[in-house]
*Asks:* 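Handing you a structure now.
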Protein chains: 2
Amino acid sequence: VTAVPIVEYWFDFASTYSYLATARIEAAARAAGVVVEWKPFLLGPIFQRQGWNDSPFNLYPAKGKYMWRDLERSCARSSLPFRRPSVFPRNSVRAARMAMVGVDDGWVALFTQAVFHANFAEDRDIASAEVLVALLEGIGLSGREILARAESPELKPRLRQQTERAEMLGIFGAPSFVVAGELFWGNERLDQAIEWARSGASPR
Amino acid sequence: VTAVPIVEYWFDFASTYSYLATARIEAAARAAGVVVEWKPFLLGPIFQRQGWNDSPFNLYPAKGKYMWRDLERSCARSSLPFRRPSVFPRNSVRAARMAMVGVDDGWVALFTQAVFHANFAEDRDIASAEVLVALLEGIGLSGREILARAESPELKPRLRQQTERAEMLGIFGAPSFVVAGELFWGNERLDQAIEWARSGASPR
């Protein structure tokens, strides 16, 4: 029995560097024969337990100033459109709940790419239900129906549990990649994570 | 007139990822026809102004646990020996002052490589004058004489000024690379920094 190698992709819709990873992960994984498992979660509660009530990029101005410039350069290198969001970080709870529905139904990749593009290339308010419904409709889905499922009582605890799972895995930032329990953090580690999955390297 | 392209390399001897950058920067720059200007500085005062009285890798355990595992993997990938230091971070003030002398005299690269190797491959106490003198002697230098120069009243303000300069440049971590005012942070950005220097890309 040969198991298909899997990379778990842990992301938060407010995370700047997750925009870069989201844009390339499916193509990079496919080229390596690796399957992506999309894992939306919320960084907010994890940051809060570290004593942060805001993004570290806002709490530490030098770090934040650098990040925006670096992101601009990185997008240019990847030929990705970029426009600095006028609000940062945007509330990502509703989008993350919709993405959970997308995992169930198989359209999570397309939806996630659309939301990151809206946030970081078009400066659209991805916290807004109207914007998210429009993005869903734009990829041919039933926006209102999905919104209702995302706001259902069944869905909310699932996202909370997924965030708790992220913390148990040692995740402290996004994007993160997990391969058989081995953690990789940051867009720069995507290729290593895929290589780890393909080579079947064991944790230690 | 063709100016030689320059990459400023800003490092702190206690910085884990500076071990990786130090091991490869001279060869990478030389291959690209770029000159390295070695800039020892102290992260401690910069961290303190951000409200941290210790390394963030100690203050935020999840981040620290990840870093040590990632560093181990990264060293293995680069075929660099690695042994986790029994003390972290080690006081790097004396080594940084010696490195300033090394910049004046032209042996900073060799000395810096030796100190990082001692700290991260051999778990030696690089805060100790005896250890540093032995490392200097090991590369054929007059250890005692250099120790005296490093502890002279002229040297101390120079390191302080260099650290203030780092902060003015927007530096908040190490390794950092500066090319004509453009900041790059982290071992992963070394190649981009060298490329930036070589292509003469302007800041904006």
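Bear in mind the structure is a predicted one, so any value in this text is a computation, not a measurement. Chain letters run A, B, ... following the sequence lines, proteins first and then strands; every chain starts at 1.
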*Asks:* Measure the spacing between CZ of A:Arg73 and CG of B:Leu183 and express it to the nearest 0.5 Å.
*Replies:*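 Taking CZ in A:Arg73 and CG in B:Leu183, the distance rounds to 7.0 Å.
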*Asks:* Taking everything shown except B:Arg165 itself, do over 12 heavy atoms lie less than 6.0 Å from its CZ?
*Replies:*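 12 or below, so no.
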*Asks:* Return yes when atom CH2 of A:Trp107 has more than 12 non-hydrogen atoms of other residues, nucleotides or ligands closer than 6.0 Å, and no otherwise.
*Replies:*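 Result for CH2/A:Trp107: enclosed.
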*Asks:* Return the CG to CD distance between A:Asn187 and B:Glu188, rounded to the nearest 0.5 Å.
*Replies:*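 Answer for the CG-CD pair, A:Asn187 versus B:Glu188, is 10.5 Å.
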*Asks:* What residues of residues 44-67 of chain B make heavy-atom contacts with chain A at a cutoff under 4.5 angstrom?
*Replies:*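 Near chain A, by residue number: B:Gln50, B:Trp52, B:Tyr60, B:Ala62, B:Lys63, B:Tyr66.
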*Asks:* Enumerate the residue pairs fulfilling ring-ring contact (aromatic ring centres under 6.0 Å, His included) with a member in residues 76-104 of chain A, sequence neighbours excluded, ordered by first and then second residue.
*Replies:*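 Sorted pair list: A:Trp68-A:Phe88.
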*Asks:* Does B:Arg77 have any salt bridge (charged side-chain N to carboxylate O under 4.0 Å, His left out) partners at least two apart in sequence or in another chain, and if so, which?
*Replies:*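 For B:Arg77 the salt bridge (charged side-chain N to carboxylate O under 4.0 Å, His left out) partners, ignoring immediate neighbours, are A:Glu195.
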*Asks:* If I measure from the heavy atoms of chain B, does A:Ser74 come under 4.5 Å with its side chain, its backbone, both, or neither?
*Replies:*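 For A:Ser74, side-chain heavy atoms alone lie under 4.5 Å from chain B.
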*Asks:* Determine which residues belonging to residues 128-135 of chain B lie within contact range of chain A, meaning some heavy atom pair is under 4.5 Å apart, and list them by number or answer 'none'.
*Replies:*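 Within residues 128-135 of chain B, near chain A: nothing under 4.5 Å.
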